[in-house]
Amino acid sequence: MAFENTNMFNQRIKIKQLLSGTATGTEVVVMGWVRTFRNNQFIALNDGSTNANIQIVASLGKFDEAILKRITTGASLKITGTVVESLGKGQTVEVKATSIEILGDSDAEKYPLQPKKHSLEFLREKAYLRFRTNTFGSVFRIRHSLAFAVHQFFNDRGFLYLHTPIITSSDAEGAGEMFRVTTLPLEGAPKNDAGEIDFTQDFFGKSTNLTVSGQLEGELGAMAFSDIYTFGPTFRAENSNTTRHLAEFWMIEPEVAFNDLEDNMNLAEDFIKHLIAYVMKNNIDDLQFLDTRLAEEEKQLPTEKRSGLGLIEKLKFVVENGFERITYTEAIEILLNSTHYKKKKFTYDIKWGIDLQSEHERYLVEQHFKKPVIVTGYPAAIKAFYMRMNDGCEPGKETVAAMDILAPGIGEIVGGSQREERLEKLEARMDAMHIPLHEMSYYLDTRRFGSVPHAGFGLGFERMVQFVTGMTNIRDVIPFARTPKNCEY
RNA sequence: UCCUCCUUAGCUCAGUUGGUUAGAGCACAUCACUGUUAAUGAUGGGGUCCUCCGUUCAAGUCGGAGAGGGGGAGCCA
């Protein structure tokens, strides 16, 4: 029996487990942080395993005043006690304490978190403590589940998780401004004959940066393992100050040999649905909390700004319905025929060849289709060099086999394409876009030796977390956000 | 980077046409009460009104510059 093992008897039980049906009369040890201490008798204790607190009862007169004084919001405790049916109304069971040990004090006057609602902006500045709030507890448990579901999805389909490098020497991807990585001194860096900084003397003997995407390396892996994915941090030094951009963010990039654009879309749609379904199955408590929170927040908004669907309703809808699939050309036609356009309500003009603006994407997703939309066949002129040229295009209206998935409230959540596997066409495109071929010969080699049709996409992990949690600011879905002028903790 | 709004107690906010000692709720401290649910009641402490410069007899309030933050746009995931 477990009771013969004193270690077992002392072992901590997580609050989530305790609340999910521990028999009354059981002796338990729980540890956690004090959320509130009511009536000098009732401790709401939380250990992060769930938003639900366990109520600890410190019966009057049984404990030292000196100990009770130290039970303050934020303090950490070790409680030994008995699980009993609760006499109060807020919970079914509680723990009647037989011993209370203060593990760590928390000066009530200085502890920043109070048992009340704080603004997200305030908590953002206290990012090291916000995990202890219900909102961020839910957000980061869901973030964890999503990360796990990513690996589960690909593993179940026989994909290989490829670790692509963080430091790269390639700067030809054009995905954005890069952070330089160097050990050269800022003052008095060595110069070459041309007066430029001499990177041959740098750590790697050449100019290096933090990666903006693992895609090119991912393609190299797919040319051997057929199905790979990457999942790691990426870095963009863009001066973007928005609710959906970070300087350091996590991206998932599957790359699949022998897939065409259609396969690619199917994979992306299945993937997104799997992630949502996983969270709905495993984090329903946290979703419910966020759903309620969001509904209360929406009450403050004017009617026209409300989303109409609750968070869980929205997720359920996405899982159960097919994404709308349209071509770029069709999208332009829908926009041109919209009353919104005819009433001149768009700021940016619309004609074939433009890149779709946020307002256009939002109209398609939120007004016209009211569901996620996959747009394919963008003009070649506005897309990256590695995207496959569509055959048989009208001259001047060349398109590529690209696809973007647009989600309500977030905009572009996935960007992908079938890749150009034909060497001559790829070289011609790179030439036209002034991409130095010699620096990319490793990449071009995949087209020289056993090139195959292949396709892949990138999904911004934080944007996915935003979509699932309903958090409107991307800084609130990553533990420690890195944005322009902000790198705290 | 551009547009726009904001900055008053630890937090959330009020502060009238510029006027004398800048307020509230919560938090915190003390006391009371004791099956509470963000406990309750009483009392108390707590302020660089973001910073600098200017206008004025007088600036939290008006003007200028700067800093920080929110929202939107661009770039993108």
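Throughout, protein chains are lettered first and strands after them, A, B, ... in sequence-line order, and every chain is numbered starting at 1. Here the structure is a predicted model, which means the values were calculated and not measured.
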Side-chain donor or acceptor of H118(A) under 3.5 Å from a matching atom on the base of C11(B)?
no

If I pick the P atom on G23(B) and the same atom on C28(B), what distance separates them, to the nearest angstrom?
23 Å

What interatomic distance, in whole Å, is found between P of C11(B) and the corresponding atom of A58(B)?
33 Å

Check every strand shown and say whether L113(A) touches a base, only sugar-phosphate, or nothing at a heavy-atom separation below 4.0 Å.
nothing

Does one side chain, of N241(A) or T483(A), offer a donor that lies under 3.5 Å from an acceptor on the other?
no

Whole-Å distance, E177(A) CD to G74(B) P, equals 18 Å

So for atom NZ, which belongs to K371(A), do other residues, nucleotides or ligands contribute more than 12 heavy atoms lying within a distance under 6.0 Å?
yes

Readout for nucleotides 24-39 of chain B: B = base within 4.0 Å of protein heavy atom, S = sugar-phosphate only, - = neither; 5' to 3' it is -BBSSSS---BBBBBB

Distance between P atoms of U21(B) and U56(B) (Å, rounded):
23 Å

Classify T347(A) by what it touches in the nucleic acid, base, sugar-phosphate, or nothing, heavy-atom distance under 4.0 Å.
nothing

d(I67(A) CD1, E101(A) CD) to nearest 0.5 Å is 8.5 Å

Send over the distance from R475(A) CZ to G71(B) C1', rounded to a whole Å.
11 Å

When rounded to the nearest 0.5 angstrom, what distance separates OG1 in T292(A) from CG in N134(A)?
11.0 Å

Say you pick atom P in U55(B) and the same atom in C2(B); how far apart are they, in whole Å?
30 Å

Does the ring of F153(A) carry R157(A) above it, NZ/CZ under 6.0 angstrom from centre and within 45° of its axis?
yes

Using the C1' atom as the reference point in each nucleotide, state the distance between A67(B) and C50(B) in Å, no decimals.
8 Å

Gap between atom CZ of F289(A) and atom CD1 of I284(A) - 0.5 Å precision
14.5 Å

Check every strand shown and say whether R362(A) touches a base, only sugar-phosphate, or nothing at a heavy-atom separation below 4.0 Å.
nothing

Side-chain N or O of T243(A) closer than 4.0 Å to phosphate OP1/OP2 of G70(B)
no

Rounded to whole Å, please give me the gap between CZ in F122(A) and P in G68(B).
20 Å

Please determine whether a side-chain nitrogen of the Lys or Arg among E359(A) and K345(A) lies less than 4.0 Å from a carboxylate oxygen of the Asp or Glu.
no

Could you give the CZ-to-P distance, from R244(A) to G71(B), as a whole number of Å?
11 Å

Hunt down any stem RNA chain B takes part in, defined as 3 or more consecutive Watson-Crick or G-U pairs whose two distances are each under 3.5 Å.
B:1-7 with B:67-73, B:10-13 with B:23-26, B:28-32 with B:40-44, B:50-54 with B:62-66

Return the nearest nucleotide to the side chain of R236(A); candidates are C76(B), G68(B), G72(B).
C76(B)

The single option from F231(A), F249(A), F467(A), F271(A) passing ring-ring contact (aromatic ring centres under 6.0 Å, His included) against F461(A)
F231(A)

Provide the distance between the two C1' atoms, one in G74(B) and one in C6(B), to the nearest whole Å.
23 Å

Same-atom distance (P) from G19(B) to U40(B), integer angstrom:
36 Å

Atom CD of E412(A) to atom C1' of G74(B): distance rounded to whole Å?
14 Å

Length of the CG-P vector between N239(A) and A73(B), whole Å
16 Å

Determine whether a donor-acceptor pair (one donor, one acceptor, N or O, separation below 3.5 Å) exists between the side chain of S240(A) and the base of C76(B).
no

Could you verify whether a donor N or O on one side chain and an acceptor N or O on the other, from T24(A) and E85(A), lie under 3.5 Å apart?
no

How many angstroms lie between CZ in R141(A) and CZ in F136(A), if you round to the nearest 0.5 Å?
12.5 Å

Contact class for R124(A) vs. all strands (heavy atom < 4.0 Å): base, sugar-phosphate, or nothing?
sugar-phosphate

Could I get the full list of ring-ring contact (aromatic ring centres under 6.0 Å, His included) partners for H163(A), not counting sequence neighbours?
Y161(A)

Whole-Å distance, K485(A) NZ to G70(B) P, equals 14 Å

N473(A) near the nucleic acid: base, sugar-phosphate alone, or nothing, with a heavy-atom cut-off under 4.0 Å?
sugar-phosphate

What is the distance from CG of L123(A) to P of U12(B), rounded to the nearest Å?
9 Å

What integer number of Å spans the P atoms of G47(B) and G41(B)?
26 Å

